[in-house]
Amino acid sequence: MLKDPLRFWAIISQALGFTLIIFLETWMGRAQAGYWQLRVLLVMIAIALVIAVLRLYQNKRWQKEQERRRQLLREEEEDTSD
């Protein structure tokens, strides 16, 4: 889990959000907690979307790096076969 910081932050943010939602329900009661619980849920969704975009960017960058390495290997093979 610590090798993947995005996964770590996703788990931490969701755990804190759910804990805060439960705490608000217990502390304020159902009638007043709903407003704040909705805000917490929206923040949790926003963080999840940011992490998803970062993961997509990370994967695309990794794929580009792999393709660049394959290309270098092909070029080296062509140079040694000549």
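Contact check for Ile21 versus Met44: side-chain heavy atoms found under the 4.5 Å cut-off. Proximity of Phe8 to Lys3: side-chain heavy atoms (C-beta onward) are nowhere separated by under 4.5 Å.
Residue Leu6 is grouped with residue Ile47 when hydrophobic side chains (ILVMFWY) are merged at heavy-atom distances under 4.5 angstrom, including chains of intermediate members. Under the 4.5 Å side-chain heavy-atom criterion for grouping Ile, Leu, Val, Met, Phe, Trp and Tyr, Val43 is not connected to Val40 through any hydrophobic cluster. Hydrophobic clustering of Ile, Leu, Val, Met, Phe, Trp and Tyr side chains at less than 4.5 Å, counting indirect connections, keeps Val50 apart from Leu42. Hydrophobic clustering keeps Ile45 apart from Leu38 (ILVMFWY residues linked when any side-chain heavy atoms are closer than 4.5 Å, directly or through intermediates).
Using a 4.0 Å cut-off between a side-chain N of Lys or Arg and a carboxylate O of Asp or Glu, Glu67 and Arg70 qualify as a salt bridge.
Side-chain N/O atoms of Gln71 and Arg68 include no donor and acceptor closer than 3.5 Å.
Between atom CG of residue Leu49 and atom CG of residue Leu54 there is a gap of 11.0 Å, rounded to the nearest 0.5 Å.
Listed by first and then second residue, the ring-ring contact (aromatic ring centres under 6.0 Å, His included) pairs that reach into residues 23-44 are Phe23-Trp27, sequence neighbours excluded.
Residues that satisfy the side-chain hydrogen bond (donor to acceptor under 3.5 Å, both in side chains) test with Arg69, not counting sequence neighbours, are Glu65. With sequence neighbours excluded, the residues that form a salt bridge (Lys or Arg N to Asp or Glu O under 4.0 Å) with Arg55 are Asp4.
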